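Notes follow the structure.
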Amino acid sequence: MSGDSTTLKPLLKQADTHMDFELPAEGDPRRLEVRKWCEEHPKPTGMELAKQGYVVPHWIAPWGLEAEPELQLILDDELDRADIRRPNNSVAINNCGISLVVHGTKAQQDRYLWPALSGEEIWCQLFSEPSSGSDLASLQTRAVKDGDHYVINGSKIWTSLAHRAKVGIMVARTDPSAPKHRGLSTFIIDMDAPGVEVKPIDDMTGYPNEYNQCFFTDVRVPVGNLLGVEGDGWKISTSQLQTERVALAKPGAIWGTGPGARDMVRGLSQTEAFEDPLVRQQAASLYIESEILRLLKYRNLSDRLQGRPIGPESAIQKVLSAPHGQRVMAMTLEHMGPRGLISKEKPFESPDDRDEWNWGIWFSPAVTLGIGTTEVMKNVISERLLGMPRENDPDIKRPWKDTGKKKEATS
Amino acid sequence: MNFAFNSDQDLLRDTAARLLRDKVDLEQLTSQGNKPDTTYDKSLWQAMVEMGWPSLIIPEAYGGLGLSLIEWTVLTEEFGKTLAPCPYLGNYSGTLAMLAAGTDSQKQTLLPGVIDGTLQLALAWNEQESKEDPTLVDSSVTENKLTGSKQYVVDADTATHLIVTARNAKNEIQFYVVATNQTEVKIEDLPWMDVTRRVSRITFDAATAEPMSNSFANSWSWISDRIMLSLASESAGGASTILEKTVAYTKERVQFGKTIASYQAIKHKCADLLTQVESAKTLTYYAAWALSDAGLDSSDEASIAAAMAKSYTTDAYKTCTAEAIQTHGAIGFTWEMPIHLYYKRARANAISIATSNQLRDNLIQKVVAA
Ligand SMILES: Cc1cc2nc3c(=O)[nH]c(=O)nc-3n(C[C@H](O)[C@H](O)[C@H](O)COP(=O)(O)OP(=O)(O)OC[C@H]3O[C@@H](n4cnc5c(N)ncnc54)[C@H](O)[C@@H]3O)c2cc1C
């Protein structure tokens, strides 16, 4: 039914409202300025990018440009076009670094932020423990003050990148007699310090390890490495989990990175797969989901641009995107047939996809776990957005030392 | 980049919500034992005409309000929340066809009547029992006399004029204007399960028909994309209202000593439904913008946006209404609870114009071709 309806164009009023889904135009002066820099620095070092403010443009100076969301988009776009990659140090850049800007001392900022943003020192996030996952606040790792040091004992687990990290951001218990959320503090840990031991944990992908278990035995951390004040650990760590940079890059299936539904559709279209109407249905549904995710990001961005409080779209985006990514990977695997079970096989003839598809297919079970499980996010949505009753937590008001976790820790 | 409505649009939404709250009484339809066959409340339609809403998108040149599809979407989302039993959908569909295919003199003659409420349009295109394919047309016109029949025509029985597809002398599909006050036009009201909307079968027995100018092939996708947008926005509105009512009910209903809202099976289901409702709204607003943007007006991208919104939103509406009944328990299954009105509307919307499967199938082919 695709008649040429160009002639109908002026029939209805064009929207002259301010609703608008366009990205900043090609000739936008902000864009041209970034493009010029990229041309002058075709192969910038991590430090050059960091000093230019391009790694964390949304931060305040001197690390960032205090960029509004549109400039962030322009930067993403232009760096992508120039094939310039930002340093790969996601914990510092996307999660924990901002805490040093907000809560850190000048000495902490000077010592840690530049090497982090330039990618010279990799960071890791020391939150989860063997007995404390979703219920992070019940954690057991202890930090006891001893003169001008804290002495740390305990174990952290599922720590991505710990085997390569120089710096760890840790939440530990400083006050066992306070209720679990209140006795926590955040520390900047030197991962090379005596008493720190990192053991890789192989994961189901069979690729080089993603995460590790870390053991801390009488690790002495200078008091100067306490972030903020004692007892602020919960506040600081939850705000870290919430700070997310606006990224409008194509919605990749694995936590927003790697190939996504569009790539899958393109790949499938070059095969005979779409001769099957059921495959077309499934692919179209996933395509629509990926469009929803793209548009939810736009809504989120628009809220920020208008200075409105972030609406429900941000929580919804999270709860939708992880299972969506799994569905994309599952469909791709199914398309491959038995070949999909061969290690490192590629689903589509495409020169530039490296191992991302194969890794993604086998990594995808993790995306509904890490950064908050789907179930916990649904609790959050029903409680915060729909006002339904909170889950019952028998420990919430009791001093941590009187809870089951304490008994576990000492037994 | 801006996803927000402006203050005029917010005001329109508030006004619509207030008027519909005053005028629509679904309880009248759901009181025990009252299964009405005539459901349109004339005073609601009259009030809408006074507000200028039926002619909201009609250009100012013809005396309409001349607003964009974004305003229309704001309005129809509110219609969907209350189901607004009135002939707005049929009249809107007919108006779109008139704008797209009518001659200037047809527009000059008919649109002022649509605006002041003395005339009312409907669009008759479907001839098949089970296929939503507008090209399966057997009705034909010879020497300005139309013979044939149409199925499932929305709001035909209150319309003064029908816009009808039929084959011309060259065997091409063309639009015709047909007045309903002729004895050669027989309109038979169907016992439609969604009692908030009226649907008819029509037979034409050498009825006088006046040809319109722009060809069917040139205008159908423009028309149908805009009808789908309206179905999407009323579905998004209906789904959000039903979810709201359901969540409110779970906070009141106590079983095993606590509200059912405190059970995680119920909480997680509601979280899933909210995810679908917000996704539906997001796709709908995007489609409204895409269809009313100068740059995208007639492109495949705008059609894709309409198809995504219609298929996803009506599917979500079906899910929300089914889960609403389940979550209410047996009371949700009674005639007295209005949930079934929404449940039925959702199912009707889902098969109107095109099914979700058809739309997804078209969409993937367009995406691949792009
Ligand atoms: C690939 C990967 C990388 C990770 N990287 C890091 C890292 O770098 N640093 C770090 O600190 N952590 C990391 N994690 C850990 C991650 O944060 C935890 O996996 C997550 O918080 C869940 O904890 P858990 O695995 O102990 O599961 P549990 O909390 O034990 O959950 C088990 C199951 O119970 C469900 N459940 C728990 N509580 C509830 C509830 N209240 N209601 C309903 N269901 C519930 C969960 O949804 C889940 O299905 C990583 C995890 C993965 C998979």
Side-chain angles (χ1 to χ4, degrees), chain A residues 1-9 11-24 69-70 73 265-266 269 274 277 280-281 283-285 287-289 291-292 295-296 298-299 301-303 305-306 308 312-313 316 319-320 375 377-379 381-383 385-389 391-392, chain B residues 1-6 8-9 57 59 66-70 99-100 134-135 214-222 224 247 250-251 259 261-262 264 266-268 270-272 274-275 278-279 282-283 285-286 288-290 292-294 297-298 300 308 311-312 357 360-361 363-365 367-368:
Chain A
M1 279 332 318
S2 59
D4 169 22
S5 42
T6 320
T7 48
L8 297 173
K9 222 190 236 185
L11 279 181
L12 296 186
K13 177 156 167 121
Q14 311 301 340
D16 62 359
T17 64
H18 53 214
M19 195 183 267
D20 162 22
F21 290 84
E22 307 286 9
L23 297 186
E70 271 188 346
L73 293 184
V265 168
R266 198 178 312 111
S269 73
F274 284 153
R280 297 202 294 272
Q281 286 297 320
S285 295
Y287 180 86
I288 293 173
E289 281 180 3
E291 283 292 279
I292 291 170
L295 294 167
L296 285 170
Y298 278 31
R299 260 179 93 178
L301 175 68
S302 152
D303 285 343
L305 272 169
Q306 317 316 318
R308 296 180 183 224
E313 59 273 7
I316 280 162
V319 81
L320 199 60
E375 289 77 11
M377 271 184 234
K378 287 184 187 173
N379 287 346
I381 289 176
S382 55
E383 291 165 14
L385 300 179
L386 295 173
M388 298 170 92
E391 294 293 301
N392 181 32
Chain B
M1 166 67 47
N2 190 349
F3 223 110
F5 294 100
N6 66 26
D8 287 348
Q9 290 159 346
I57 58 157
L67 294 173
S68 81
L69 287 170
I70 296 181
L99 289 170
T135 63
N214 197 1
S215 78
F216 173 83
N218 266 354
S219 41
W220 178 253
S221 67
W222 188 91
S224 60
V247 170
T250 65
K251 293 177 186 171
T259 62
S262 53
Q264 209 174 54
I266 302 283
K267 286 169 68 179
H268 283 193
C270 291
D272 284 336
L274 181 69
T275 304
E278 288 301 324
S279 298
T282 302
L283 283 174
Y285 301 160
Y286 172 65
W289 172 79
S292 59
D293 180 76
D297 185 87
S298 59
D300 266 0
M308 293 196 302
S311 60
Y312 185 92
N357 283 349
R360 281 188 290 261
D361 210 71
L363 175 141
I364 205 73
Q365 299 183 23
V367 167
V368 167

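Bear in mind that the values here come from a model prediction, so they are computed numbers and not experimental data. The sequence lines fix the lettering, A, B, ..., with proteins before strands; numbering per chain opens at 1.
For A/Glu391, the parts lying near chain B are the backbone and the side chain together; criterion is any non-hydrogen pair under 4.5 Å. Contacts of B/Ser311 with chain A are made by side-chain atoms alone, with heavy-atom separations under 4.5 Å and no backbone atom involved. In this structure, no portion of A/Asn392 lies under 4.5 Å from any heavy atom of chain B. Heavy-atom distances place the side chain of B/Asp272, and not its backbone, under 4.5 Å from chain A. Interface remark: B/Lys267 contributes backbone and side-chain atoms alike to the contact with chain A (heavy atom separation under 4.5 Å). The parts of B/Ile57 that come within reach of chain A are both its backbone and its side chain, each placing non-hydrogen atoms under 4.5 angstrom from that chain. When heavy atoms are compared at a cutoff of 4.5 Å, B/Ser215 does not approach chain A at all.
Minimum heavy-atom separation, B/Ala271 to A/Ile381: CB-CG2, 3.8 Å. In terms of heavy atoms, B/Asp361 sits closest to A/Pro277 at OD1-O, 4.5 Å. Of all heavy-atom pairs between B/Val247 and A/Leu386, the closest is CG1-O, 3.7 Å. Nearest approach of B/Thr259 to A/Pro389, heavy atoms of both residues: OG1-CG, 3.9 Å.
One finds the OG atom of B/Ser262 at 10.5 Å from the CD atom of A/Glu383 (value rounded to the nearest 0.5 Å). To the nearest 0.5 Å, atoms CG (B/Leu283) and CG (A/Leu295) are separated by 6.0 Å. Remark: B/Thr282 OG1 to A/Ile292 CD1 distance equals 7.5 Å, nearest 0.5 Å. Atom CD of A/Glu375 and atom CD of B/Gln264 lie 8.0 Å apart (nearest 0.5 Å).
Side-chain contact between A/Ile288 and B/Arg360 is present, with heavy atoms from C-beta onward closer than 4.5 Å.
Looking only at heavy-atom pairs under 4.5 Å with chain A, the residue among B/Asp8, B/Thr275, B/Val368 that has the most is B/Thr275. Between chain B and the options A/Ser269, A/Gly387, A/Ser382, heavy-atom pairs under 4.5 Å are most frequent for A/Ser382. When B/Leu363, B/Asn357, B/Leu69 are compared by the number of non-hydrogen pairs under 4.5 Å with chain A, B/Asn357 comes out ahead.
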Decide side-chain contact (heavy atoms from CB on, under 4.5 Å) for A/Arg280 and B/Gln365; before the verdict, give the C-alpha distance in whole Å, the side-chain angles of both, and the deciding distance to 0.1 Å. CA-CA 8 Å; A/Arg280 297 202 294 272; B/Gln365 299 183 23; 3.7 Å; yes
